[in-house]
Structures are given as C-alpha cells and as structure tokens.
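Comments concern the structure below.
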Amino acid sequence: MTNHNALLSDAKGNISLAVRVPVSSQSLFSPGGGRCISIPRKKLVQKIEADPTQTRINSWIEAMRASSPSRTRPGNISSHPESDEEDEYSSWMAQHPSALSKFEEIAQSSTGKQIVMFLDYDGTLSPIVENPDQAYMTDEMREAVKGVARYFPTAIVTGRCRDKVRRFVKLPGLYYAGSHGMDIKGPSKKDKYNKNNKGVLFQAANEFLPMIDQVSKCLVEKMREVAGASVENNKFCVSVHYRCVDPKDWGKVAEYVTSILSEYPKLRLTQGRKVIEIRPTIKWDKGKALEFLLESLGFGHSDCVLPIYIGDDRTDEDAFKVLREKGQGFGILVSKVPKETSATYSLQEPSEVGKFLGRLVQWKQMSLTRK
C-alpha cells in the first residue's frame, strides 16, 4: 500500500478535490494532471449522496493536511540513521538530484541552445511567509535574477496578481505571467528575442473578472469569522490563505469556500501550499503559459532552446509536466521534503535558487570570454 493523490469531482459544484488515499500498486492512474487515481463514479456518488456537504468539507480538510507537511529534510532532525524518512529522502534525491551538484550536466545540455528561464515567485525567489503581502525577495536574489535576465529571456510565472509580483520583483525587461499565466505582459521595450513585443501579450479570462470580483468580496466577508484567514484577489483568481489558521478551524475555511463556490459553476478550486485558490474553468495553467511564452519568443517549434522552470508549488507541476512530455528542458522543484513531481532536479530553498542563478550567470560570462 502506498499513498497517492486522488481526484474527486463534484459535478454539481464543479469542484475537484485532491486527497491523499492509500491504494495498491494495481490502481490505474489517470493520464492528466500528474498522477491521479480514478475513483469509480458509482462509489464516489454513493459517498457524496450520503452527506454531500460534509463529504466535500472532509475531503478538503484531508487535502489541506496533505499539502501542509510539517517535517523537514531528515538530515535536519535528530532521528535514527536508518529511519524510513532518511531512506525515502535518499531515494527521492537519487531520482531528483540537486541542480547545484548537477550544474555541469545542465550546462552541457545547453550547448548550441538558447536557455529560457521561468521562475515561480513565492517559495522560489522569496521565502514562504505568514503574511503574503510581506513576501519580499532579498536584494541578493534580485541581483541574481537581474543577472540571469541580462543573458537569457526570463519570465516570472506566479499565481499572484501580475502587478503585485512586478512590484515585488522591481525589475524591467522580464516577462511577467500572473494569475497562473492567465495574465501575461512582456517588456515594454522591444528586445532581441521578441522584436514585435507590444506589452500585453495575453489575458485568458477577461469575461471572468466580474465573477472573480464577486467571489472575492464574498470570501472576504466570510473569512472575517476565521482567525488568521486572509483573502487575496489576484485579478484572474482568488487565493484563500490558511497558513495562520488554527488547524481545528480548517473545516470552517473549507465549508465557507465550497458553499460560496457552489453558486459559481464556471469557477473551480485548486490547492497550493496552505492556500486554496478559486480559478476559472478554462484550460489554462502554468504549463500553457510556458508554451505560450516560448511561442511568443520564437522558440515554439525550435530544437535550439533549453527551457528551465524553477518552482516549489503544486501548480508548477503543470509546467514540469510540459517539459517532461516535450523531452526538452528541465523542471527544478524547490523542496526540503520528498514530493511526487515531474521535475528532473531539485533545490532545497530560495537561497539555493539564488546560488543556482548566480552559477548560471558566471558560466555564461566565462563561455563568452572564451569565444
């Protein structure tokens, strides 16, 4: 028996729930959205009909717990050297080695190719903090990103509102993709990679803006009843943060969110690190944003490009999966704990991301000196 993510869909509320359940190795996995288990519809309907509201709430509580690991890397805690956690971590690192230790391998793969950098923000360029409005990146990280953007097309792909993340990063000349890639804008000036750039490149869900705004206002009102909860309107999606909520109140968060969303069948729920997100039902995610940006830069059907995507969240898996399926470029997961991922490499925390970006700049400068 092992634990895997199960995708439960509620047709009435158009809500998908990712929960952790024990399954045997004979279970069948659905082809999309990472590794998900297909639960027979009859069994799911029977369970939901028994108590549909409570079933949805309990499912979300389990999902919230599954996405909120409290443990750190086994090497950072006092434990028996032969513990299962250390074995699990060692096995995971063998499959997803450090991008720092494998830097030469990554650099070698870029021979004759144009590197294009894609970077998540929270948990990647900035640390995860209790107050999302205070997720500032360090000056050192900003210099590292600035250096990378000097040599490679660079995009920030985030669930945050595009304007807000741009205020955090404070760097011109980048491509900013907010709301999980539903709101994309390139540099205001023409550049050597996109000579026809006119600023706003893509906004995928304009017709949903009034609906998103209504839901955001409703959630703000309801979450006032939950100590520690906060609501963030990211323009094309809404984030409900429960990082500072007492776990015994997570049920309230799930109840309020699902009850409000039941009135909006054109919106869906997804989950990140201690955040529930409300998004349009359109088929657009960070993976689609990555493909769109590569196309906009003229590399959509090119074999001479090496996309590198660095992210820490469940939503970044859509981009990792695109790169793996294309057999082109690398995904790098930022995590201190083993996670099921489509990324090729790993880094432990934002400070390691900064080191990796710094090495990439140094390597490029040396390669230009040798020419």
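By convention here, the first residue in the shown sequence is residue 1.
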Next item on the list: Flag the pair Phe236 / Trp284 as yes when their ring centroid distance falls below 6.0 Å, and as no otherwise.
Entry: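 They do not qualify: ring centres at least 6.0 Å apart.
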Report the distance from atom [atom1] of [X] to atom [atom2] of [Y], rounding to the nearest 0.5 Å.
| X | Y | atom1 | atom2 | result |
| --- | --- | --- | --- | --- |
| His96 | Thr344 | NE2 | OG1 | 8.5 Å |
| Asp139 | Lys146 | CG | NZ | 11.0 Å |
| Met137 | Ile156 | CE | CD1 | 6.5 Å |

Note to self: Between the side chains of Asp213 and Lys217, is the shortest nitrogen-to-carboxylate-oxygen separation below 4.0 Å, so that they form an ion pair?
What the structure shows: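 Salt bridge present between Lys217 and Asp213.
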Verify the neighbour count for atom [atom1] of [X]: are there more than 12 heavy atoms of other residues, nucleotides or ligands below 6.0 Å?
| X | atom1 | answer |
| --- | --- | --- |
| Gln108 | CD | no |
| Lys288 | NZ | no |
| Gln95 | CD | yes |

Notebook entry, point to check: Quick one: ring-ring contact (aromatic ring centres under 6.0 Å, His included) partners of Phe320, sequence neighbours excluded?
Noted result: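 Tyr309.
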Item checked: Test ring-ring contact (aromatic ring centres under 6.0 Å, His included) applied to Phe356 - qualifying residues, sequence neighbours left out ->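 ring-ring contact (aromatic ring centres under 6.0 Å, His included) list for Phe356, sorted by chain: Phe103.
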Would you check if [X] and [Y] make a side-chain contact, meaning some heavy-atom pair closer than 4.5 Å?
| X | Y | result |
| --- | --- | --- |
| Pro307 | Gln328 | yes |
| Val157 | Tyr175 | no |
| Asp313 | Asp122 | no |
| Leu360 | Ile115 | yes |
| His180 | Asp285 | no |

Notebook entry, point to check: Is the cationic atom of Lys222 (NZ for Lys, CZ for Arg) positioned less than 6.0 Å from the six-membered ring centroid of Tyr256 and within 45 degrees of its normal?
Noted result: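 Pair Lys222/Tyr256 counts as cation-pi.
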Note to self: Taking Val353 as the starting point, is it possible to reach Ile128 by hopping between hydrophobic residues whose side chains are less than 4.5 Å apart?
What the structure shows: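 They do not share one cluster, since no chain of ILVMFWY contacts under 4.5 Å joins Ile128 to Val353.
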Notebook entry, point to check: Are Val169 and Val129 co-members of a hydrophobic cluster defined by side-chain heavy atoms under 4.5 Å apart?
Noted result: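 As far as the 4.5 Å side-chain criterion goes, Val169 and Val129 are not connected within one cluster.
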Next item on the list: Could you note down all residue pairs passing side-chain hydrogen bond (donor to acceptor under 3.5 Å, both in side chains) where residues 299-308 supplies at least one of them, sequence neighbours left out?
Entry: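 Non-adjacent pairs meeting side-chain hydrogen bond (donor to acceptor under 3.5 Å, both in side chains): zero.
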Under 3.5 Å, is there a donor-acceptor pair between the [X] and [Y] side chains?
| X | Y | value |
| --- | --- | --- |
| Ser179 | Asn234 | no |
| His241 | Glu130 | no |
| Thr315 | Lys286 | yes |
| Thr341 | Glu317 | yes |

Check: Aromatic rings Trp363 and Phe152: how do their planes relate, parallel, tilted or perpendicular, breaks at 30° and 60°?
Finding: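 The rings of Trp363 and Phe152 lie parallel, inter-plane angle below 30°.
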